[in-house]
Every structure is written in C-alpha cells, then in structure tokens.
Amino acid sequence: MNLYDLFLKPYESYETSQILMEAAATFFGLVSVLFSIRKNILVYPTGIISTVLYVYILYVFGLLGDMMINGYYTAMSIYGWILWSKNTNDHIHVKVSKTNKKEWLQSAVLFILSLILVTLIYYWKPVFDDHATPGLAYLDWANWLDVLTTAIFLVGMWLMAKRKIENWIFWIIGDLVSVPLYLYKGLGITSVQFLIFTVLAVIGYREWNRNQKV
C-alpha cells in the first residue's frame with residue numbers, strides 16, 4: 001500500500017466540512033502542545049477548541065474511547081486552567097514538579113478504572129447501535145488499542161493538570177500508539193498529528209525536566 005492509499009484516498013469520500021474540521025482540530029492540538037512545552041497557560045483554551053472538535057469527529061468514526069477521552073480533556077482543561085491560574089505569578093507560566101508515590105498510586109487506580117469503564121462501554125455498544133446482544137467478540141485490534149490509549153491519556157491529562165513532569169511519559173507512549181490507530185481508521189491528518197505529538201512530547205519532557213532542575 002502506498003502513501004496515497006494510506007493518507008489521501010480515505011478523504012475522497014469525506015465531506016469538505018469533515019476535512020476542514022479535522023484540520024482545525026489538528027492545528028489547535030499542535031498549538032496547544034507547543035504552549036504546554038513552554039508551560040504557558042494558553043495550552044488550555046487552545047486545547048479546548050481541539051478537543052471539542054475531536055469529540056464530534058471521533059463520534060462519527062466510532063472511536064468511543066477516544067471520544068470519551070476528548071470529552072474528559074475538555075473538562076480537565078477547564079480544571080487545569082483553574083489550577084494553573086492559581087499557581088503562576090505572571091498569569092502565564094507555571095512551576096512544575098515530579099510525581100510522588102501517592103500520585104503514582106492515584107495514577108495507577110485511574111488507569112485501571114479507565115480500562116474497565118471503556119471496556120464496559122464497548123461491551124454494551126451493540127445494544128445501543130442495533131439492539132444486538134452485548135459482548136466483546138466484535139472488537140478488533142483498533143478497538144482494543146482505543147481502550148488502552150484512553151487509559152494512558154487519562155493519566156497523562158490528570159498529571160498535566162497537576163503540573164507533573166511525568167505527564168509527558170504518558171503522552172509519548174499514547175501518541176506513538178495512536179499513529180497506526182488513526183491511520184487504520186482513515187484519519188491520516190490526525191495520524192500525522194500524533195506522530196508530531198510524539199516528537200513534541202519528547203521535547204516537552206526534556207524541557208520540563210531541565211527547567212525543574214534550574
């Protein structure tokens with residue numbers, strides 16, 4: 001399969017509005033990560049625009065887990081926005097710290113609960129779609145990957161709101177895993193976005209680590 005088939009051919013069947021919406025969501029998502037690297041509070045308003053758009057896009061493409069995570073992102077962005085605004089002297093930049101044992105435990109609990117919740121949603125999805133018998137037999141590798149990335153990103157977003165350096169570790173893993181997922185689902189623009197996100201997350205981790213030591 002060539003690059004045209006992977007990235008462009010799926011878009012031949014999409015409405016222009018869908019393509020523009022995905023492009024806009026990608027743009028604001030990238031801008032949000034750049035603000036995050038700089039520990040700039042504008043990470044949140046730009047991120048909210050991206051996540052709200054993705055809630056709709058992912059609903060259309062049936063990626064329930066990631067649709068939920070973007071809804072969660074929106075809520076957590078509001079929460080993070082409030083937290084960051086209370087922890088900055090210039091109302092723009094914040095100080096960061098490392099995750100302690102208690103927060104790692106909380107992250108583990110959040111991760112496990114997320115796996116269970118999204119799996120249950122997929123279990124009951126056939127009932128809501130066409131009144132079929134509930135179950136997990138219909139799930140393919142992309143669905144299970146969606147379950148996993150949802151849990152990873154939930155923890156990453158929570159740690160980012162807490163201004164913890166290790167949030168970038170979860171973004172790196174989740175972003176990298178998401179590249180083949182969105183490519184498989186025919187969202188080539190979003191797939192490239194997550195590839196760029198992976199690189200930016202590595203940069204973000206190094207920057208937050210370096211600044212915390214200064």
Side-chain angles (χ1 to χ4, degrees), residues 25-44 46-48 50-51 54 58 63 65-74 76-77 79-80 83-84 93-101 103-115 118 141-185 187-214:
T26 298
F27 171 77
F28 282 104
L30 289 170
V31 171
S32 178
V33 174
L34 291 173
F35 279 129
S36 182
I37 291 173
R38 297 174 63 86
K39 302 187 297 296
N40 189 310
I41 201 169
L42 290 177
V43 57
Y44 289 112
T46 52
I48 288 172
S50 177
T51 54
Y54 268 119
L58 294 166
L63 287 170
D66 277 348
M67 180 193 75
M68 288 177 57
I69 193 66
N70 276 275
Y72 171 82
Y73 283 168
T74 304
M76 282 299 293
S77 289
Y79 173 66
L83 285 185
W84 281 35
H93 301 93
V94 296
K95 293 182 178 180
V96 298
S97 61
K98 289 185 177 294
T99 307
N100 59 40
K101 291 182 179 180
E103 290 162 339
W104 276 122
L105 178 60
Q106 292 171 332
S107 297
V109 172
L110 181 60
F111 182 83
I112 293 170
L113 289 177
S114 174
L115 288 177
V118 181
W141 68 270
N143 297 128
W144 286 115
L145 207 57
D146 184 36
V147 174
L148 177 63
T149 55
T150 299
I152 292 171
F153 286 139
L154 272 170
V155 177
M157 189 67 182
W158 183 76
L159 289 175
M160 189 180 82
K162 295 290 186 179
R163 308 180 313 284
K164 300 300 175 179
I165 294 172
E166 291 80 5
N167 84 88
W168 291 108
I169 296 175
F170 290 89
W171 293 119
I172 291 169
I173 297 172
D175 291 340
L176 192 59
V177 172
S178 294
V179 173
L181 172 63
Y182 285 98
L183 195 58
Y184 173 77
K185 285 294 183 178
L187 290 168
I189 295 175
T190 301
S191 177
V192 172
Q193 171 192 244
F194 276 102
L195 185 59
I196 298 172
F197 276 173
T198 305
V199 176
L200 292 177
V202 173
I203 295 173
Y205 178 70
R206 294 179 63 182
E207 282 294 308
W208 280 35
N209 239 322
R210 182 177 62 83
N211 292 337
Q212 195 266 340
K213 294 176 181 178
V214 173

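Scanning both residues, Tyr205 and Ile172, for their nearest heavy atoms gives CB-CD1, 4.5 Å. Smallest separation of non-hydrogen atoms from Ile152 and Phe170: CG2-O, 3.1 Å.
A heavy-atom distance below 4.5 Å is not found between the side chains of Leu181 and Val177. Lys98 places a side-chain heavy atom less than 4.5 Å from the side chain of Glu166. Taking the side chain as every heavy atom from C-beta outward, Glu207 and Ile203 approach each other to under 4.5 Å.
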ask   = Which is it for Phe153 and Trp171 under the ring-ring contact (aromatic ring centres under 6.0 Å, His included) test, yes or no, and what are the steps along the way?
value = CA-CA 7 Å; Phe153 286 139; Trp171 293 119; 5.4 Å; yes

request  = Might you work through the side-chain contact (heavy atoms from CB on, under 4.5 Å) test for Met157 and Ser77, ending with a clear yes or no?
outcome  = CA-CA 8 Å; Met157 189 67 182; Ser77 289; 3.2 Å; yes

key: Criterion side-chain contact (heavy atoms from CB on, under 4.5 Å) on Ile165 and Ser97, from CA distance to verdict   = CA-CA 6 Å; Ile165 294 172; Ser97 61; over 6 Å; no

query = How far apart are the C-alpha atoms of Val155 and Leu159, what are their side-chain angles, what is the distance that settles it, and do they pass the side-chain contact (heavy atoms from CB on, under 4.5 Å) test?
reply = CA-CA 6 Å; Val155 177; Leu159 289 175; 4.0 Å; yes

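Between Trp168 and Trp208, the ring planes are perpendicular. Angles over 60° get that label, and only those under 30° would be called parallel.
Remark: Tyr79 pairs with Met76, Leu83, Ala161, Lys162 by the side chain to side chain contact (heavy atoms under 4.5 Å, CB included) rule, at least two apart or across chains. The side chain to side chain donor-acceptor pair (under 3.5 Å) check on Tyr72 picks up nothing, with sequence neighbours excluded. Listed by chain and number, the residues in a side chain to side chain contact (heavy atoms under 4.5 Å, CB included) with Glu103 are Thr99, Asn100, Gln106, Trp158, Lys164 (sequence neighbours excluded). Every residue two or more places apart in sequence or in another chain that forms a side chain to side chain contact (heavy atoms under 4.5 Å, CB included) with Ser114 is listed here: Val118, Thr150, Ala151, Leu154.
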Mind listing the side-chain donor-acceptor pairs of residues 195-202 below 3.5 Å, one per line with the distance, residues two or more places apart or on another chain?
from	atom 1	to	atom 2	distance (Å)
Thr198	OG1	Leu176	N	3.4
Thr198	OG1	Phe194	O	2.8

Cut-off 3.5 Å, no hydrogens considered: what does the side-chain donor-acceptor table look like for residues 26-37, sequence neighbours left out?
from	atom 1	to	atom 2	distance (Å)
Thr26	OG1	Glu22	O	2.9
Thr26	OG1	Tyr54	OH	3.1
Ser32	OG	Val43	O	2.7

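Test Asn70, Thr74, Thr46 against Thr51 for side chain to side chain donor-acceptor pair (under 3.5 Å) and you get one pass: Thr74.
Note: Tyr182 OH to Thr149 OG1 = 6.0 Å, rounded to the nearest 0.5 Å. Here the straight-line distance linking atom CG of Asn167 with atom OG of Ser107 works out to 10.0 Å at 0.5 Å rounding.
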